[in-house]
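This structure is a prediction, so every number in the text was calculated from the model and none was measured.
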Amino acid sequence: MEQQWDTREQEFHDTVREYLIALIFFGILYAASYAIINYFKKQPHKDDYYIENEEDAMVYRIALWISTFTLAVSMGAVLLLPISILSNEILLWYPNSYLLQWLNGSLIHGLWNQIFLFSNLSLFVLMPFAYFLTESEGFAGSKKGIKARVYETFVVLLMLALLVFGIVWVLSAFLDNDQSSREALVKAGTSYLPYLYSYMSLLGVLLLLISTPLGFTRMFSVIGKLVVKPQFMENIEEDFHSARFEEEDLKRKLEDKNKKKENGTPPRVHLRNGHTSTPPNTHLNGGSELRQRLAEVQRERQVLDRRRKASSWQRNVGYPLLWILMFLLTVLCLFIVGWNVLRMLFGVGYLPVSIKEEGLGKVSLSMLGWFGALIETMLILYFMLASVVGLYGVPFVGRMIPHWQDTSMTKVIVNCLVLLILSSALPVLSRILGVTNYDLMGEFGQLDWLENFYLIFGYNILFGILTSSCLLNKFTSMVRQKIMERVTDQLDKVRKQSHISRPLSWHRERVNGPS
């Protein structure tokens with residue numbers, strides 16, 4: 001009896017400890033997410049959804065809390081594989097450490113299940129609720145207030161749920177017309193909607209297929225804007241002082257225009273008949289052009305000032321090292337994808353389904369040990385960063401880019417939803433491309449479409465082709481541009497010579513006569 005009690009007591013303490021660690025983990029992610037959203041979102045008194053009444057203020061706060069929770073879940077989904085991989089290597093190094101008893105397979109498996117649960121909750125319930133709540137005003141004829149808006153939001157959500165469920169049912173009938181898929185749909189309400197989530201994860205993986213290759217190429221342009229480049233044949237001091245003088249000149253012209261406008265003495269234009277006239281919108285057009293040019297010069301001056309104050313180490317060492325690191329990571333990604341294709345082609349590789357879990361801390365999943373685990377972690381985080389950069393580089397998505405203190409609550413909600421879709425598909429993408437051998441835990445490894453060999457093989461092939469073509473287009477664009485300029489110059493020279501030779505030959509024929 002005493003032994004049974006001790007066992008149950010130990011299980012209870014282990015469970016409480018795991019929940020406390022998970023709570024601390026999500027608390028840190030929530031605080032970081034709130035700081036990020038607070039950095040980008042508009043101030044409450046400037047947002048369209050925040051008016052000077054308690055109802056709109058409450059709706060604003062609810063949308064902010066839900067968006068912060070969703071962004072925290074997205075960050076947790078990104079960190080799932082890195083934490084699992086590094087935890088496995090740490091336990092291999094210190095298998096009997098007393099200080100690491102809290103780090104075990106049960107804790108990691110619980111984090112995977114919680115992220116999966118919160119992803120479903122945010123994706124299908126919380127984010128649609130936040131969006132429709134900010135757009136709702138209550139049904140016509142009902143008493144205005146927060147209750148009326150919540151009631152309208154729940155009705156719209158119910159209708160949307162029925163519509164989505166019907167679409168998924170029709171898709172399952174066309175794509176997978178068997179009894180198991182229908183049973184999964186019938187039991188969807190009791191299993192956190194895994195069947196619908198499998199479609200959303202497939203959508204996220206397809207988005208990553210588009211955004212990640214684009215992100216690999218755009219990353220080289222982004223670091224050129226964020227990191228100070230080396231100074232080759234440039235005089236930064238001269239450019240900085242020139243920009244500053246131009247800025248002061250533009251400010252002086254704007255002040256003169258404002259003084260003339262206050263005094264009511266607009267410029268006069270002399271007409272041909274001797275009269276004078278005042279051009280319409282003189283101050284408006286000239287002032288707007290000056291302000292636009294002043295803003296451009298100020299931005300240029302700030303960039304030059306940053307480059308001028310940067311240390312020589314930052315200019316001559318930091319940028320080249322960062323560029324080389326990104327290039328090596330991109331080439332390594334391509335190599336891993338090609339190696340994974342060869343393994344699958346010759347039957348050496350296997351599908352990314354959780355077939356067997358050796359247990360945390362039992363065996364290293366990388367041939368290079370802890371060094372390979374670090375490389376896998378860097379590649380996974382690099383994949384996520386490149387996918388975000390590439391997604392915002394798409395023209396129609398670029399309008400959603402958040403700006404400092406100038407992002408409305410609607411844009412915050414949409415950005416959090418997009419990031420959740422991408423981050424939830426990141427573990428699946430890493431496993432599909434063979435970046436890591438770590439098995440997908442929980443429901444992440446039970447997605448139906450992961451068992452399709454042709455889909456996984458074709459995805460690897462397409463990812464390699466798109467990434468290679470984007471990189472070739474990026475690094476050869478300057479060479480192709482120079483070649484086209486040379487060819488154009490040569491064609492212009494040949495055309496000019498032909499135009500000159502034709503009149504000369506005609507003049508000779510007239511003088512000498514036809515032969």
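Side chain of R218 to backbone of G390: no donor-acceptor contact under 3.5 angstrom is found. A donor-acceptor pair under 3.5 Å is formed between the side chain of S469 and the backbone N or O of L466. For the pair N340 (side chain) and I432 (backbone), a donor-acceptor distance under 3.5 Å is present. At least one donor-acceptor pair under 3.5 Å links the side chain of S33 to the backbone N or O of A72. Proximity of a side-chain donor or acceptor of S122 to a complementary backbone N or O of S119 within less than 3.5 Å is not detected. For T217 (side chain) and L214 (main-chain N/O), a donor-acceptor pair under 3.5 Å exists by modelled atom type. Side chain of Y459 to backbone of V205: a donor-acceptor contact under 3.5 angstrom is found.
Annotation for W323: atom CH2 counts as buried by contact number, over 12 foreign heavy atoms lying within 6.0 Å.
Annotation: side chain of L329 is not in contact with side chain of F216 (no heavy-atom distance under 4.5 Å). Side-chain contact between L29 and L79 is present, with at least one heavy-atom pair separated by less than 4.5 Å. In this structure, the side chains of V412 and M409 come closer than 4.5 Å at one or more pairs of heavy atoms. A 4.5 Å side-chain heavy-atom check between L322 and F220 finds every atom pair outside the cut-off. The shortest distance between side-chain heavy atoms of I85 and I380 falls below 4.5 Å. Taking 4.5 Å as the limit, some side-chain heavy atom of S423 sits within range of a side-chain heavy atom of M384. Counting heavy atoms from C-beta on, the side chains of T330 and Y382 come closer than 4.5 Å. Using a 4.5 Å cut-off on side-chain heavy atoms (C-beta onward), N88 and I108 make no contact.
The aromatic ring centroids of F116 and W112 lie 6.0 Å or more from each other.
Closest non-hydrogen pair, S468 versus L334, comes out as OG-CD2, 3.7 Å.
Aromatic ring orientation, F118 versus F26: perpendicular (interplanar angle above 60°, classes split at 30° and 60°).
Between the side chains of S211 and Y392, no donor N or O sits under 3.5 Å from an acceptor N or O.
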Pair E135-T410, side chain to side chain contact (heavy atoms under 4.5 Å, CB included): steps then yes or no: CA-CA 9 Å; E135 297 291 334; T410 303; 4.1 Å; yes
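For T436, the side chain to side chain donor-acceptor pair (under 3.5 Å) partners two or more places apart in sequence, or in a different chain, are E376. Remark: N104 pairs with no residue by the side chain to side chain donor-acceptor pair (under 3.5 Å) rule, at least two apart or across chains.
No option in L345, I336, V337, I465 other than V337 meets the side chain to side chain contact (heavy atoms under 4.5 Å, CB included) test with N460.
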